[in-house]
Structure formats: C-alpha cells, structure tokens
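Below, read A as the first sequence line, B as the second, and so on, with proteins coming before strands; counting in each chain starts at 1. Values below: all heavy atoms of this structure, side chains included; hydrogens, waters and symmetry mates excluded.
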Amino acid sequence: MVYNGDEVSALVVDFGSHTTRAGYAGEDCPRVVCPSFYGYIDDPTPAAGSGSSALEGEDVNMDGDGPGANGAAAGVGSNGALNGGGKRKGRKYYVGDDGVGVWRAGMEVDNFMLDGVVHDAEPAANLLHHILHDRLSVDPTEHPLMLTEPAWNTAKSREILAEMVFEGEKMPAMYFGSAGVLSAFAAGKPTALVLDVGYNHSSAVPVVDGYALRAGTMRQPLGGSLLTSQLHHHFTNPTPTRSFPLSLLPRQLIAKRDPTPEPSLQPRPILRDDRAPHTTASWNLWAQNSVIEPWKEACAEVISTRGFDFQTAKDLPQSLYEFPDGYHQYFGEERFRFTEMLFDPKTYFNQSIEPPAPLRVTSTTEHSHSLKDLVPLHQLVHDSIMACDVDIRASLLQNIVVVGNTSLTRGLTERLDVELALLMPSQKIKIHSPTIPFEKKYAPWLGGSVLASLGTFHQLWVTKDEYEEHGMSIVHQRCK
Amino acid sequence: MSSSDVRAILNLPQAGQAGPSQPPRRSVPVKKPEGISRELYALIGDNAPSLAEAQASLAAFKYRERPKLKSKAVKWEWMRFTPVGKDGLGLGHWVRSDEEPDARVEYFGKFNLHGPSVMQYSQFEYDQHLVDPTWTSQETAYLFGLLREYDLRFVVVADRYEYAGKKRSIEEIKDRYYTICRRLVRTRTASDPQTQQQLLQAYAFDKARETKRKQYASELFHLTAAEIAEEEALYVEIKRMEQNERRYRADRDDLMRTVVGLDSGLIGLEQANGEGVVGLDKNKKRKREEEVPTPAPTKKQKESAAYDLAHCIYRLPTAPSSATSSHLATRHPLHVGVHLRSTKLPQPKPNAAIRITDLLGEMGVSTQKLVMPTRVNLEVFERVLQAAGGLVDMKRQVDRVEQEVRTLRAQREGYVPPTRQSRSMSVVSEASTRRK
C-alpha cells in the first residue's frame with residue numbers, strides 16, 4: 001500500500017509580483033489565486049472606528065462589483081489592523097480578491113513585492129493570514145508550508161518570510177523552494193533552463209540536477225508590467241487614427257454606459273461622480289492597468305516567424321475589443337507592435353515613457369539588466385546558457401522551459417524558437433512549454449505542490465524547533 | 001375470453017378442428033406459461049408468441065451475483081508521525097488502520113540516502129601527502145564540505161564555491177579532488193593491487209587536457225550559419241569523393257581481372273588509405289625478405305630439391321622481382337590456382353589456329369584433347385604446336401616468297417624494254433611536228 005506521494009497536507013504558497021497562489025500540496029491547481037496588490041487606508045485617528053465603517057458603508061451600494069466583498073474585506077481589514085500594530089499604527093490593509101479590486105474612498109494601492117522578492121512584511125503577513133484563515137480555512141499549526149522564492153532572493157526577505165510563518169502563523173515546518181527549480185519540476189525535468197516571463201521580470205534560471213545555478217541566473221524588468229505601461233501611454237494619448245485619448249475608466253467608476261453602435265467613436269459614459277473625488281491616484285493607475293490587462297490577454301500577439309515592421313503591419317489580422325467605458329475598435333498593428341518589445345527592446349521599448357517605479361529598482365549587475373539596457377528574451381536565454389559550464393549547455397538548450405503569465409502571449413514560444421535558432425544555428429534547441437494555461441501561469445506553485453507531496457521530501461522541512469534553536473542559519477543551510 | 005370465443009363470435013371454425021362438429025369445451029385450461037400475465041394469456045390463448053418464451057428464458061437468466069463483502073470498509077486514520085531523521089517534527093498523514101503505523105515512514109526513509117561517498121582524509125594524511133601550494137588546508141576542507149553537500153556534483157559545487165571571496169573553476173576543483181584521491185589511494189595500503197590500479201584509473205584527471213577540451217568545445221559552440229553551411233558542403237564533397245574512389249576502384253578491379261587474371265589482387269582503398277606510412281614500410285620489409293634468399297640456395301633448399309625430384313614434385317620457378325616490373329607484379333606474383341592440366345591445354349597461336357589445327361589433323365593429332373596430359377606430354381604437345389606453328393609460318397613465308405618469284409618471273413617474260421623504240425618514236429613525232 002505505497003503510492004507515489006505521502007500526504008502530509010502541506011500547503012504551498014507562491015508569492016508572485018502580480019498574483020499570489022496558494023493551495024494544498026499534491027493538487028494540480030492552486031485553490032487560491034489573489035492579487036499581490038493590496039489596498040490601505042491610513043487612518044489619522046486610529047480609534048475612529050466609526051469613520052471607517054461609514055466609508056465601508058458606501059461600498060455596499062456597489063452594483064454587482066464583487067458580491068460579498070464587504071464582509072471579507074472588512075474582516076481582513078480588522079485583522080490587518082490587529083497584526084500591523086507595529087510601525088504603521090492605524091493603517092488598515094485590504095488584501096485578497098476583495099481588497100484592491102473593491103473601490104474604497106481614499107484607498108491607496110501598493111504591492112509588497114519588489115524586484116521579485118517580498119520586501120514589505122506587513123501586507124504580506126496580512127495576505128498570508130487572509131489566505132490561511134479566510135480562504136483555505138485551515139489551522140496553520142497543523143500544516144507545513146512550502147514557500148517559493150526567486151533564485152535571487154535576499155537573506156532579508158527570507159528572514160521576513162520565516163518570521164511570518166513561524167512566529168506569525170506558528171506553522172510547524174517550512175521550506176523555501178527556488179521558483180526556477182520548481183518550474184523545472186513542474187515540467188518534469190531535473191535539468192532545464194527555465195525562462196520565466198512574468199509580470200515584473202523575465203528571468204532565465206539554469207537548473208542542474210535540481211539546483212539552480214547562480215552563475216547563469218539572469219533577470220531584467222521586461223515583462224507584463226512594462227508592456228502595460230507602454231500600452232497605457234499609447235491608449236491615453238491621441239494617435240494618428242484616433243483623435244482622442246481613451247479614458248480607460250474601470251467599471252467601478254462607471255454608473256451607466258450608453259450603447260455606442262459605431263466603433264472608434266468616443267464613448268460618453270455616465271460616471272459615478274460621488275466616487276471620483278475620493279479616488280486616489282495609485283488606485284486609479286491600478287484600475288486602469290487592470291483595464292489594459294484583459295486587452296493584452298485578448299488581443300496581444302507576437303509575430304511568430306519574422307519580426308514586426310511597420311510596412312507589413314497594415315496586413316496583420318485585426319480583432320475587435322471593447323473597453324469597459326464602451327469604446328470599441330478593431331485593433332490591428334497595436335496588437336503586435338508592443339509585444340515586439342520582448343524580442344527587440346532597443347527599437348520598440350520607448351524609454352521616454354516613464355516606466356513603473358518598481359521596475360527601476362533592478363540595476364545592472366552581472367546577473368541583471370536595468371531598464372536602460374534591456375536585452376531580447378532570446379539573448380537572455382543565450383547569456384544565461386553561456387554563463388554555464390560548456391558540458392551542460394547542450395542539455396540546457398534541449399530543455400528550455402518557458403513559463404510565466406506573459407509567456408501566454410500567442411506566438412511567443414514559436415518566436416523564441418525561431419530567434420534562438422538564428423542565434424545559435426549549430427545547436428539543437430528544444431523548447432518545452434506547458435500547453436495548459438494554468439500550468440504556465442502557476443508553474444512554480446505546481447512544482448512546489450509536486451515536491452511537497454513526495455514522501456521522500458519530508459526530511460528537508462525546516463521545523464519550528466530547528467528554527468527556534470538555530471535561527472536563520474538552518475534555513476539557509478537546508479534551502480540551498 | 002379465450003381464442004375459441006373469438007372464433008365463435010367471428011363465426012370461424014375452431015382451430016385444429018375440421019368441420020362443424022364442435023367438441024365439448026375443454027374444462028381443464030392449459031397451464032399458463034411463466035412470464036405472461038393472465039389476461040394476456042386469456043386473450044391469445046395457447047398461441048403464445050415467442051416473445052413470451054424469450055422473456056421466460058430471460059427471467060431464467062442468472063446475473064452474476066453481487067459480491068458478498070464480509071470484510072468491512074478499510075479505515076484510514078489521521079496519524080501523527082515523525083519523518084526519519086527529523087525529530088521533533090510532528091507531521092500528520094492518513095494511514096490504513098490495519099497497517100503498522102511506521103511502515104510508510106520507514107518506506108520513504110530508505111530513500112533518504114546520500115549520493116556517492118566523498119573521499120575522507122585525516123589531518124596527518126594531509127600534512128604528509130596532500131599539501132598543495134595553491135590550496136590551504138582550510139580551503140581544502142571547505143571544498144570537501146561542499147562536495148559532500150552537493151554529492152560530488154562538480155557543476156553545482158563550482159557554482160556555489162566562494163572561499164574568501166574567491167571562485168574557482170570546475171577544472172581546478174576537479175583537479176584538486178582527484179589529485180587528493182589518487183594520492184590517498186596510492187599511500188593507503190590496498191588489499192588488492194588490481195582494485196588499487198582500477199581506482200587510480202578512475203580518479204585519473206588531466207587538467208590541461210580538460211581545459212583545452214572545454215576551450216575547443218566552447219569555440220565550436222558559436223558556429224555561424226555560413227560556417228555550418230561550409231561544413232556541410234565539405235561533408236557532401238568528401239562523401240562524393242569517397243564514392244568516386246569506390247567507383248574508380250571497382251573499375252580498376254574489373255580491368256585487372258580481365259588483364260592479369262587476378263581475382264581480387266588489389267588491396268582495398270580504405271585499407272590502403274588506413275595503412276598510410278606504416279603500410280609502406282611493411283611493403284619494403286616484405287620486398288627485402290623476398291630478395292634475400294634468392295642468391296644463395298641453402299642446404300635445405302638443395303635437400304628439398306632432391307625430395308621433389310624423388311616424389312615427382314615440380315615447382316614453378318618464382319619470377320624474379322626486378323626493379324623494372326610493376327609494383328603490382330612484385331606484390332602479387334602471378335598466381336595460378338590449382339587446376340587439371342587437361343583443362344589448360346596449350347592453344348595454337350590464334351593468328352594461325354585454323355591452319356595449325358588442319359595440319360595436325362592431317363597428321364592425326366587433335367588440338368582439342370590430349371590423352372594422358374602429363375607434364376612431359378604437355379611439354380611435347382606444346383613443342384608440337386610450336387613446331388606446327390613454325391611450320392605454318394614457314395609455309396606462309398614460302399608461299400609469299402614463291403608468289404613474289406612467280407610474279408617477277410611473269411614480269412620478266414612479258415618484259416618489253418621500253419627504252420629505245422619508244423624514245424625514237426617520240427623523237428620522230430617531235431621531229432615531224434617540227435618539220436611541219
């Protein structure tokens with residue numbers, strides 16, 4: 001009576017730049033996927049509970065925008081207020097699906113991830129608490145926890161997380177799985193080059209026998225976030241074919257929409273004037289980005305064989321898309337022009353547009369490129385492989401695993417194949433990319449789920465006792 | 001209402017009854033077959049359709065019986081357990097209650113093994129044998145620690161290596177480790193010298209060569225498309241050339257077979273190419289060997305000559321290899337296979353074969369077969385053929401000469417000296433013309 005896994009009901013939590021994934025080990029899909037963005041309201045008078053409830057009372061009037069949002073958000077908010085009693089007194093956090101997605105007067109939006117690592121302990125702890133108690137409804141003291149970390153994770157971030165897990169949630173054991181290694185495991189490969197094209201970063205991590213090689217780890221802030229910011233500029237400015245800027249109004253701010261039968265006409269929706277004055281700039285930006293993101297998912301494509309050029313751009317297929325404010329248009333070359341940035345950042349990345357602030361943190365080092373000197377994805381793969389020993393290059397080239405949400409862009413994998421073949425014509429290249437979307441999106445989580453459910457893995461857990469006895473050194477020693 | 005009633009109503013004769021004479025009603029009804037309702041049976045009577053029978057047979061069909069589970073459903077319990085080697089960690093998992101609780105833990109525990117064992121050394125051994133100016137004792141210890149941690153995965157070890165802010169290449173690490181291993185194997189007393197040798201072989205590592213190999217490999221990594229195309233073109237070219245060579249060799253073999261009569265006298269091209277310089281030397285040696293014994297026949301040879309004579313063995317004289325003869329001839333002396341003498345009768349000269357055959361036929365000698373084709377007879381026969389040939393030739397010459405003589409004689413007989421008469425005539429005619 002021995003099967004593959006030995007179920008110890010471990011939990012796997014994967015903190016990402018855009019979303020955080022969580023679920024039980026051994027399952028094939030995360031139970032909880034919620035944004036890593038969080039909302040907060042700084043209350044100048046910590047004791048004024050009535051004021052905040054009045055603000056939330058406004059929320060109830062929302063028509064169909066997140067059913068049951070009120071209760072959950074308020075609960076988390078109070079939890080956040082309890083947990084975050086440290087440095088920012090009176091700050092109220094709104095995390096999870098009903099956190100940032102719900103309009104609240106004066107709510108600011110931020111992200112606890114920076115440069116791919118958890119840098120803000122308080123909201124992260126709030127989110128973990130929300131996931132464990134409100135979403136999974138488990139008793140944390142009974143379940144060991146597997147956390148993912150990027151290959152370039154800092155000791156400080158590990159400390160934050162370990163403290164959060166052992167001291168905050170009192171979980172019995174934990175382990176840090178390197179995201180690259182876990183993605184390789186999810187693809188069923190002990191040796192692979194993992195190209196993760198995510199929200200904030202695209203990173204290439206060579207994995208050999210289940211160990212991520214530091215020498216070949218490369219990252220750059222070229223991902224979904226940068227694409228969105230470029231698109232944001234494109235949509236909010238008039239173009240030769242469109243004489244007016246798009247409003248990019250989110251549904252939360254629109255009261256009523258008039259039907260616009262003709263495409264490419266400026267819509268005139270009726271706004272919720274009561275909300276507009278209380279909306280913060282950060283929430284507005286977040287909401288506009290979340291208007292652009294579905295457009296990106298629906299329309300954006302990469303020309304898979306040859307590169308993009310403006311001469312042939314007119315002949316490319318068009319597709320109709322409608323924004324929440326009612327504006328709709330047949331989109332043509334925009335669908336291809338911006339994604340071309342992934343493979344030709346020198347030409348198609350407009351540096352004059354101000355990039356999102358979190359992306360500017362990444363500086364140019366041996367293992368990373370800053371915004372100033374972005375390289376194409378295939379170049380990133382190439383550099384990463386070239387930094388490795390010559391004997392393992394061939395096996396890495398034949399096991400390129402492409403994951404990450406932005407890698408779901410149609411044609412990206414095919415284009416990468418073409419470009420790599422041009423770059424290294426003498427080598428045999430094989431790209432493995434999961435065909436099921438969620439396997440691409442949640443690859444590190446999936447790998448963690450596989451690893452934590454193995455009966456042979458249990459020796460690697462860092463237990464609470466060990467942590468209390470040895471401190472962080474045991475974590476660094478075990479999670480290598 | 002039975003079928004007889006229906007028939008009675010419709011004024012039909014009763015089934016099975018001929019004529020109007022009606023028998024008394026059967027008071028005893030036929031027994032109703034199984035699987036048919038009473039009313040229906042009353043309607044259709046004993047003309048029961050086959051369906052009813054089929055139904056009856058269906059009813060008789062026995063389905064497989066439901067398994068009778070005597071045992072109760074297995075109970076699974078949520079058990080606390082401690083993974084092997086992890087004291088103090090209370091994890092829980094589901095265990096069958098009939099299974100002994102620790103079986104699974106131990107089952108997975110046996111996979112918690114480490115990789116290949118890393119060589120160990122003592123400080124004494126280090127001081128005695130393992131000192132290296134480029135490595136300190138502490139750094140060596142650090143290296144061995146890393147090797148143990150990563151189970152001798154040199155790629156990973158080189159990646160993680162950082163001793164006092166210094167990195168080392170894979171080659172350096174491998175060189176250090178394998179050198180230490182070799183020294184330790186050599187110094188430690190081994191029970192079996194053979195295994196010791198094997199171990200030494202296994203730990204062999206040539207750093208310079210490895211570095212060079214990696215350098216070449218990385219140079220090969222970046223071939224441009226043009227270079228690859230060139231390489232491929234060259235490959236195709238060499239294939240073509242090989243094919244040409246093969247065809248040429250086949251042609252030459254054919255030619256040699258027809259001309260010299262060698263079956264496969266030529267060495268293959270590949271062999272020739274493969275031998276190269278060494279092959280040349282070998283040939284020279286063979287030639288020298290051949291040359292040496294010929295000038296002075298030894299005693300042994302004389303003895304064998306006497307033996308041959310006594311037993312009627314006749315040896316063909318070996319053709320002297322002269323410098324002028326072709327290399328083919330020297331390497332492969334004319335080889336004649338074993339054959340019956342009668343099959344190789346000397347043939348008359350082809351240019352006069354018919355006349356020689358005729359001539360010999362006149363004398364009663366057949367050129368086609370020879371009774372008793374002994375060596376002597378053959379020699380005689382050949383001489384006869386030669387003589388006949390000579391005779392025929394001579395005859396031909398004589399004939400020609402005679403013919404010449406005859407023509408000359410005929411010329412002489414009919415010879416009219418053309419000198420005086422004709423000249424005077426011409427003079428006369430000339431004169432006459434002048435006179436005119």
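With a 4.5 angstrom heavy-atom cutoff, B:S169 does not touch chain A via any of its atoms. With a threshold of 4.5 angstrom between heavy atoms, A:L213 approaches chain B through its backbone and through its side chain. Looking at B:R160, both its backbone and its side chain come within 4.5 Å of chain A, counting heavy atoms on both sides.
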When you look at A:D209 and B:R153, which way does the salt bridge (charged side-chain N to carboxylate O under 4.0 Å, His left out) test go after all the steps?
CA-CA 8 Å; A:D209 284 348; B:R153 290 183 181 92; 3.1 Å; yes
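A donor-acceptor distance shorter than 3.5 angstrom exists from the side chain of A:K480 to the backbone of B:E149, with no hydrogens or angles considered. Formation of a donor-acceptor pair under 3.5 Å by the A:D389 side chain with backbone atoms of B:V155 is not found in this model. Looking only at distances, a side-chain donor or acceptor of A:S426 sits under 3.5 Å from a matching main-chain atom of B:F221.
Residues A:Q427 and B:L220 share a closest heavy-atom pair of NE2-O, 4.5 Å.
When the shell of 6.0 Å around NZ of A:K156 is examined, it contains 12 or fewer heavy atoms from other residues, nucleotides or ligands. By the neighbour-count criterion of 12 heavy atoms within 6.0 Å, atom CD of B:E219 is densely surrounded, having more than that number from other residues, nucleotides or ligands. More than 12 heavy atoms of other residues, nucleotides or ligands lie within 6.0 Å of CG in A:L422, so this atom counts as buried by the packing criterion. Counted within 6.0 Å of CD on A:E468, heavy atoms from surrounding residues, nucleotides or ligands total more than 12; the atom is thus considered enclosed.
Within the 4.5 Å cutoff, the side chain of B:T224 has no heavy atoms near those of the A:M424 side chain.
For the options A:A10, A:A212, A:C388, heavy-atom pairs under 4.5 Å to chain B are most numerous at A:A212.
Separating the CE atom in A:M386 from the OG atom in B:S218 is a distance of 8.5 Å, to the nearest 0.5 Å.
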